[in-house]
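Below: one structure, written as structure tokens.
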Amino acid sequence: MLKGRCHCGAITYEMPSEVAHNTLCHCSDCRRHSGAPMVGWATVPAERVTISGELSVYASSEHGRRHFCGRCGTGLFYVNEQTLPGMIDVQTGTLDTPEALPPQAHIQVAERIAWMEEAHRLPSFERFPSG
């Protein structure tokens, strides 16, 4: 089992390491909700995820529900019973060991920010660069 939590620790969860899908989503809804250019999601059966703490829920679309920590604002889960019945998407960036679930694909690339296609070519620094 993998463990994760929100930023402040008020919400914790456990999930299986076997997932149906593990993707990086580029849709505008995920960008707006997270404030990031893309979001990592792992899809698992909802009954296999154990959640401790009180989640807040936002209806981000007609059927989509985004679950987050009401204290610190960390986005954690997405549920859409219309398109993924019985499943829950877990934001993989909130795992204690996100490297344990490498993504398998990019999705919703029709909405990808154009510069994201070449972002891997940018200079890299171990920490924030000085000067």
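Owing to the predicted nature of the structure, the values given are computational and were not obtained by experimental measurement. The basis for the numbers below is simple: all heavy atoms, side chains too, and nothing from hydrogens, waters or symmetry mates.
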Are [X] and [Y] packed together at the side-chain level, in the sense that at least one heavy-atom pair is separated by less than 4.5 angstrom?
{"X": "Ser56", "Y": "Cys69", "result": "no"}
{"X": "Gln104", "Y": "Thr23", "result": "no"}
{"X": "Pro37", "Y": "Trp115", "result": "yes"}
{"X": "Leu101", "Y": "Val19", "result": "yes"}

Between [X] and [Y], what is the shortest heavy-atom contact and its length?
{"X": "Val44", "Y": "Pro16", "value": "CG1-CG, 4.2 Å"}
{"X": "Asn80", "Y": "Gly64", "value": "ND2-N, 3.8 Å"}
{"X": "Val39", "Y": "Ser34", "value": "CG2-OG, 3.3 Å"}
{"X": "Ser17", "Y": "Leu2", "value": "CA-CD1, 3.9 Å"}
{"X": "Cys6", "Y": "Thr74", "value": "CB-CB, 3.7 Å"}
{"X": "His67", "Y": "Val57", "value": "ND1-CG2, 3.5 Å"}

[atom1]/[X] to [atom2]/[Y] distance, rounded to the nearest 0.5 angstrom?
{"X": "Thr50", "Y": "Met15", "atom1": "OG1", "atom2": "CE", "value": "11.5 Å"}
{"X": "Glu14", "Y": "Ile51", "atom1": "CD", "atom2": "CD1", "value": "11.5 Å"}
{"X": "His63", "Y": "Leu84", "atom1": "NE2", "atom2": "CG", "value": "12.5 Å"}
{"X": "Ser52", "Y": "Ile11", "atom1": "OG", "atom2": "CD1", "value": "8.5 Å"}
{"X": "Leu24", "Y": "Met116", "atom1": "CG", "atom2": "CE", "value": "8.0 Å"}
{"X": "Arg48", "Y": "Met1", "atom1": "CZ", "atom2": "CE", "value": "6.0 Å"}

Has the side chain of [X] got a donor or acceptor atom that lies under 3.5 Å from a matching backbone atom of [Y]?
{"X": "Gln91", "Y": "Gly40", "answer": "no"}
{"X": "Arg121", "Y": "Glu117", "answer": "no"}
{"X": "Arg31", "Y": "His26", "answer": "yes"}
{"X": "Arg71", "Y": "Gly73", "answer": "no"}

Original post:
Near Glu118 CD, under 6.0 Å, is it more than 12 heavy atoms from other residues, nucleotides or ligands?
Top reply: yes
Original post:
If you draw a 6.0 Å radius around CD in Glu99, do more than 12 non-hydrogen atoms from other residues or ligands fall strictly inside?
Top reply: yes
Ignoring hydrogens and geometry beyond distance, is a side-chain donor-acceptor pair present between [X] and [Y] at under 3.5 Å?
{"X": "Glu111", "Y": "Ser28", "result": "yes"}
{"X": "Arg66", "Y": "Ser60", "result": "yes"}
{"X": "Thr43", "Y": "Asp89", "result": "yes"}

Original post:
Can the ring centres of Phe77 and Tyr13 be said to be less than 6.0 Å apart?
Top reply: yes
Transitive ILVMFWY side-chain link [X] to [Y], under 4.5 Å:
{"X": "Met38", "Y": "Ile113", "value": "yes"}
{"X": "Ile88", "Y": "Tyr78", "value": "no"}
{"X": "Trp41", "Y": "Val79", "value": "no"}

Subject >> Geometric class of the Phe68/His33 ring pair [parallel <30°, tilted 30-60°, perpendicular >60°] >> reply: perpendicular
